[in-house]
Amino acid sequence: MASAAFEDSDQLKSVKASLEPDYVPSDDEDYMNEKQRNYFRMLLLEWKKSIQTASSATLQSLQDGPIREPDLNDRASSETDWSIELRTRDRQRKLTGKIDSALRRIDAGEYGYCEVTGDPIGLKRLIARPVATMTVEAQEAHERREKISRDD
């Protein structure tokens, strides 16, 4: 795991060096050109790095020792806080998998295109949600089908 983080860090440095500091993809450019792919790669790698940093801090706090609150109410409050923290870390662990998948799609040249329709997802959507795999329309249709099957 440490070597993967090291590789990600090296890749992040090289990607940042290839982009201007204030670069933001625009609709005036060819869709998913090299500059845009590098921008999204940088966004994803920075996001992954921040998740890993937060996870390391949580792990360190857990290793520091058990909750030692003398008052039962304080202890219950602390345990609730830890429960919420651990659920957050679990969600972020799953998000890290989605980030890795998006990075693989960038390398394969598939990033930015809907996995259902093949249409461009759109820069605004990808900036808002870099791990998106579907256009807004395809995502809405997917969620409607999901809701209908849940209701049955």
Side-chain angles (χ1 to χ4, degrees), residues 1-16 19 21-25 32 36-152:
M1 170 104 164
S3 66
F6 182 72
E7 289 173 23
D8 287 348
S9 180
D10 285 347
Q11 189 178 21
L12 180 58
K13 287 177 187 173
S14 69
V15 169
K16 277 186 173 182
L19 292 171
D22 58 346
Y23 173 75
V24 177
M32 280 303 127
Q36 288 180 356
R37 287 190 310 269
N38 281 337
Y39 173 83
F40 288 110
R41 182 178 283 117
M42 181 189 69
L43 253 180
L44 291 161
L45 288 170
E46 285 180 341
W47 196 6
K48 183 177 175 181
K49 184 179 174 184
S50 73
I51 289 170
Q52 289 171 337
T53 301
S55 294
S56 294
T58 299
L59 183 60
Q60 185 60 45
S61 295
L62 284 172
Q63 290 174 344
D64 287 345
I67 299 169
R68 292 196 173 116
E69 302 289 343
D71 181 61
L72 289 178
N73 290 327
D74 290 342
R75 182 177 295 192
S77 178
S78 294
E79 287 176 1
T80 300
D81 291 346
W82 273 112
S83 176
I84 292 168
E85 180 74 16
L86 291 174
R87 276 191 303 221
T88 300
R89 294 295 156 241
D90 188 50
R91 280 194 299 271
Q92 288 180 338
R93 178 188 55 81
K94 292 173 186 172
L95 180 58
T96 300
K98 290 180 180 183
I99 291 171
D100 288 338
S101 177
L103 290 168
R104 284 191 296 276
R105 287 194 312 275
I106 288 174
D107 293 339
E110 300 167 356
Y111 183 79
Y113 295 92
C114 181
E115 64 183 15
V116 175
T117 64
D119 294 336
I121 292 174
L123 295 174
K124 289 179 182 175
R125 176 159 167 76
L126 289 171
I127 289 170
R129 183 79 176 155
V131 295
T133 59
M134 292 185 247
T135 61
V136 171
E137 295 81 13
Q139 183 70 41
E140 287 173 347
H142 172 74
E143 289 172 4
R144 277 193 301 275
R145 284 190 305 274
E146 202 173 67
K147 183 182 183 320
I148 289 169
S149 65
R150 263 195 321 255
D151 290 344
D152 290 345

K.L.:
For the residue pair Arg41 and Leu44, establish whether any side-chain heavy-atom pair is separated by less than 4.5 Å.
P.N.:
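Not in contact.
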K.L.:
First locate atom OG1 of Thr133, then atom OH of Tyr111, and finally report the distance between them rounded to the nearest 0.5 Å.
P.N.:
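It is 10.5 Å, given to the nearest 0.5 Å.
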K.L.:
So, taking the atom named CD in Glu115 and the one named OG1 in Thr135, what distance separates them when rounded to the nearest 0.5 Å?
P.N.:
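If we round to the nearest 0.5 Å, Glu115:CD and Thr135:OG1 are 10.0 Å apart.
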K.L.:
Does the distance from a Lys or Arg side-chain N to an Asp or Glu carboxylate O, for Arg104 and Asp100, drop under 4.0 Å?
P.N.:
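Looking at Arg104 and Asp100, the cut-off is not met.
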K.L.:
For Met134, is there any backbone N or O sitting under 3.5 Å from a side-chain donor or acceptor partner on Arg125?
P.N.:
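Confirmed, Arg125 side chain pairs with Met134 backbone.
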K.L.:
Taking Asn73's backbone N and O only, do any of them form a donor-acceptor pair with Ser77's side chain (distance below 3.5 Å, no angle check)?
P.N.:
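No, the answer is negative, given that no donor and acceptor are paired below the 3.5 Å cut-off.
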K.L.:
If you take all heavy atoms of Ile127 and Pro130, which pair is closest and at what distance?
P.N.:
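Taking Ile127 first and Pro130 second, the nearest heavy atoms are O-CD, 4.0 Å.
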K.L.:
Check this for me: does any side-chain nitrogen of one of Glu143 and Lys147 sit under 4.0 Å from a carboxylate oxygen of the other?
P.N.:
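Salt bridge absent between Glu143 and Lys147.
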K.L.:
So which heavy atom on Ala132 is nearest to which on Ile121, and how close?
P.N.:
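Looking at all heavy atoms of both residues, the shortest contact is O-CD1, 3.6 Å.
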K.L.:
Nearest 0.5 Å, what's the OG1-CD1 distance between Thr88 and Ile51?
P.N.:
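It comes to 11.5 Å.
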K.L.:
Inspect the contact between Asp90 and Arg93 and indicate whether a charged nitrogen and a carboxylate oxygen are less than 4.0 angstrom apart.
P.N.:
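Yes, this pair counts.
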K.L.:
With rounding to the nearest 0.5 angstrom, report the CZ to CG distance, Phe40 to Leu126.
P.N.:
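Reported value, rounded in 0.5 Å steps: 4.5 Å.
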K.L.:
Any side-chain donor paired with an acceptor under 3.5 Å for Arg105 and Ser101?
P.N.:
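Short answer, yes.
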K.L.:
Hey, are the side chains of Asn38 and Tyr23 touching, using non-hydrogen atoms and a 4.5 Å cut-off?
P.N.:
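With C-beta onward as the side chain, the pair stays apart.
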K.L.:
Rounded to the nearest 0.5 Å, what separation is found between the CD atom of Gln92 and the CG atom of Leu95?
P.N.:
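So the gap between those two atoms works out to 7.0 Å.
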K.L.:
In Å and rounded to the nearest 0.5 Å, what is the CD to CG distance from Gln36 to Leu19?
P.N.:
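Result: 10.5 Å between the selected atoms.
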